[in-house]
K.L.:
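Once you've had a glance at the structure underneath, I'll fire off some questions.
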Amino acid sequence: MHKSIDQINQRIREGSARVVTAEEMPSIVAELGERGAFQEVDVVTTGTFGAMCSSGAFINFGHADPPIRMERIWLNDVEAYGGLAAVDTYIGAIQQSETREEEYGGAHVIEDLVAGKSVELRANSRGTDCYPRRTISTELLLENLNQAIMCNPRNAYQRYNAATNTSDRALHTYMGTLLPGSGNVTYSGAGLLNPLSNDPSLRLIGSGVPIFLCGSQGMVVGEGTQHSPAGGFGTLMVTGDLKKMPSDYLRAATMSGYGVTLYVGLGVPLPVLDIDVVRATAVRDEDISVDVLDYSVPGRARPSLRKVNYAELRSGSIEINGEEIRTSSLSSFRRARKVAEELKGWVEEGKFELALPTQRIDPRKAAKPMHQTAAGPRVLDIMDRKVVSIGEEEEIRAAARKLLKGGTNHLPVVNGSGTLVGIVTTFDVSKAVANPGKAHLVRDIMKKKVITTTPDEAVDIAVRKLEQHNISALPVVDAQNRVIAILTAMNLGKLFGGRRLK
Amino acid sequence: MKLLVTFSRRKGGKPIIAQVVRETGVLINVERAVIDSSEGEALIEVPDDQGRLVSETMTALGAHARILDHGITVNESECVDCGACISICPREAFTFDQEYKLKLDEGKCVLCSRCVDACPHRALTLLL
Ligand code: SF4
Ligand code: SF4
């Protein structure tokens, strides 16, 4: 049993093609069986609407008089790439404004252009014989641009791991606000409507295939960056004409504390060529599972707390370690449906024909991690091994003496067996000495909650701890929580030399 | 109705909310309060017909009380119905309807403002 793409396109032209969305497909297959569904359905439309950070647009401004070869370029104070010739640039979605920071970025520039607002171009150049002009500044509308071509290197993730945070402070990530103590779970992706989840073997979605991109017809360029379908995380690189896009399916956004991103609406129509397509498009939310990752772990390998499928995520809460935790989607299922519905309408009306890939995308690829020739500095490279600590049973006066002699402002406090139980600072000790009261022992004035680091930890992560907790030293502990060194802001000074910290 | 009360704490000052309850006999439900050493802010809920009495008594006692007509406001043209706010709200004021459209139960809102920054589309505002 087989239908050719030409037969399907013929039906589309005649207005007789039967088109359904990927959300409708599972029940059609359940009702009619795979063969019945194959005979009944010609096209299945998919859709997704969510934050797709790796997006942007190529812009060609046309030439000015006298002409300029733009080297540094800003659009509404958002820097655009100046490494392309003359009057070409690429504006990336997450690039932030130099004046408004995370409240405005490349995504907002693109959104403003599409919404018909004017955008200020500023550029400069060193001037050449052929391009004598050195500066330019002008107000531009989308219609004034010679070309504006959306080209998104990584869109339409097949699925995305959900996120939670087991630490005791809120995290601000590209997965949104993650409340402390696993206070919530966030996730992204349209589940059963997701384009690549309906074609995991990448038979139908490939280079040259026409798609719905932000409300107008676009095209798949090929595999997206980080494309990793071997583990179920395929991505697409897509392109479309910004000038033809309405503003409904393209939205700039800000993940507070993380930065700017662009919400993109994207859908792919899938021709039902054979029973394999029927099977693939019958996928349900229950069939697509992801990990719930703990974002409090700052490394590449974040631990998974459990597996969860999209039906569970969409139900509003999931259980982690016996507790009900509320879930939040970051992408919009309502708009994903709208994308699939609108695309369905286009195909039904004969306005949109399908095509097979001119070149297939590799369905077995796995993304590789970065090859790092030099590991970044670790705490052990700069920590101060001459750490002076104090026993919890010692007198405050003893602490004062140690602080004076040791030339340090921090004393880790240890118990009888040498493990870390607290910390006292010069401030704590002076306060106790200035107001003599009930407190006599170090134990009485120490801070019991100590933020620590380990010798193997990356310095950048230790620095984040110092910044986040607004402290100036971290005791370095071994696996038994024994103090082996201390890391202070001074040690960092040594390391960074020219490279200054904020 | 909800009232936002702001007051400064003088040394030896009496707990103002308790004092108002005693003087007016109105039952006050404290929904949220932030009080530090020098000043305080509390969101209280009182029966609609006694809002003015409570507000006047508060003012007489040196506090500032303002009647709040609205909880959080959703700007429909910015909201994309993602749902990022749903798990953030401690009062579960947000839910999805059958069509996955965002629904707000304004009465549940205690104006804590946590959702404001968590909305990626800046669709939520508190008019205080
Ligand atoms: S987070 Fe903002 S955009 Fe998303 S549903 Fe809530 S109000 Fe709407
Ligand atoms: S202000 Fe606070 S209580 Fe009100 S909706 Fe937002 S998070 Fe919920």
Side-chain angles (χ1 to χ4, degrees), chain A residues 23 49-51 102-104 107-108 111 115 162-164 170 172 174-179 182-188 190 193 247-265 313-318 325-338, chain B residues 11-12 31-38 41 43 71-128:
Chain A
E23 199 181 355
F49 182 88
E102 72 174 29
E103 289 309 315
Y104 194 92
H108 296 85
E111 183 187 56
T164 193
H172 301 283
Y174 60 83
M175 291 302 285
T177 305
L178 298 174
L179 301 173
S182 297
N184 65 343
V185 167
T186 62
Y187 68 98
S188 188
L193 273 173
S247 51
D248 319 5
Y249 296 99
L250 177 157
R251 286 302 188 79
T254 299
M255 296 294 177
S256 287
Y258 167 74
V260 173
T261 184
L262 184 67
Y263 273 60
V264 169
L313 287 168
R314 221 183 294 293
S315 75
S317 67
I318 62 167
I325 298 178
R326 282 195 291 154
T327 58
S328 261
S329 168
L330 298 169
S331 53
S332 169
F333 192 64
R334 182 158 185 252
R335 296 222 174 193
R337 271 182 175 166
K338 274 196 185 165
Chain B
K11 266 221 164 84
E31 299 208 311
R32 178 169 66 81
V34 196
I35 298 171
D36 66 18
S37 56
S38 64
E41 183 186 274
L43 180 75
I72 196 89
T73 316
V74 184
N75 179 342
E76 296 269 341
S77 63
E78 289 299 326
C79 175
V80 301
D81 303 296
C82 61
C85 50
I86 293 178
S87 71
I88 297 295
C89 174
R91 298 293 300 256
E92 310 197 9
F94 300 107
T95 45
F96 274 141
D97 71 7
Q98 288 293 312
E99 302 292 302
Y100 289 94
K101 182 172 167 34
L102 188 74
K103 233 175 38 186
L104 166 66
D105 183 346
E106 219 182 291
K108 286 189 178 168
C109 175
V110 294
L111 301 126
C112 73
S113 86
R114 267 180 236 178
C115 56
V116 173
D117 276 350
C119 167
H121 296 271
R122 298 292 180 256
L124 300 173
T125 37
L126 265 186
L127 302 167
L128 284 186

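Below, read A as the first sequence line, B as the second, and so on, with proteins coming before strands; counting in each chain starts at 1.
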K.L.:
Please indicate whether B:K101 has more than 12 foreign heavy atoms, meaning atoms of other residues, nucleotides or ligands, lying under 6.0 Å from its NZ.
P.N.:
yes

K.L.:
Find out whether A:R314 and B:F96 are in side-chain contact, i.e. whether some heavy atom of one side chain is under 4.5 Å from a heavy atom of the other.
P.N.:
no

K.L.:
Looking only at heavy atoms and a cut-off of under 4.5 Å, which of B:L102, B:D117, B:I86, B:V80 has the most pairs with chain A?
P.N.:
B:V80

K.L.:
Please look at A:F49 and chain B and tell me whether the side chain, the backbone, both or neither of the residue comes under 4.5 angstrom of a heavy atom of that chain.
P.N.:
side chain

K.L.:
B:I88 and A:N184: which non-hydrogen atoms are nearest, and at how many Å?
P.N.:
CD1-ND2, 3.5 Å

K.L.:
In terms of heavy-atom proximity below 4.5 Å to chain B, should A:T327 be classed as side chain, backbone, both, or neither?
P.N.:
backbone

K.L.:
Measure distances from A:Y263 to the heavy atoms of chain B and classify the residue's part below 4.5 Å as side chain, backbone, both or neither.
P.N.:
side chain

K.L.:
With a 4.5 angstrom heavy-atom cut-off, could you sort out which part of B:C79 is near chain A: side chain, backbone, both or neither?
P.N.:
backbone

K.L.:
When rounded to the nearest 0.5 angstrom, what is the spacing between CZ in A:R326 and CZ in B:F94?
P.N.:
10.5 Å

K.L.:
Calculate, to the nearest 0.5 Å, the distance between atoms CD and CZ belonging to B:E99 and A:R337 respectively.
P.N.:
6.0 Å

K.L.:
At their closest point, which heavy atom of B:C82 faces which heavy atom of A:L330, and how far apart are they?
P.N.:
CB-O, 3.1 Å

K.L.:
Using only atom types and a distance under 3.5 Å, with no angle test, would you say the side chain of A:S328 pairs donor to acceptor with the backbone of B:G83?
P.N.:
yes

K.L.:
Rounded to the nearest 0.5 Å, how far apart are CZ of B:R114 and CG of A:L179?
P.N.:
7.5 Å

K.L.:
Which bit of A:A252 is near chain B, if near means a heavy-atom gap under 4.5 Å: side chain, backbone, both or neither?
P.N.:
backbone

K.L.:
Under 4.5 Å heavy-atom distance to chain B, tell me which part of A:T254 shows up: side chain, backbone, both or neither.
P.N.:
both

K.L.:
May I ask you to check whether over 12 heavy atoms, not counting those of A:R334, lie within 6.0 Å of atom CZ?
P.N.:
yes

K.L.:
Locate the shortest heavy-atom distance separating A:R251 from B:S77; write the atom from each residue and the value.
P.N.:
NH2-O, 3.0 Å

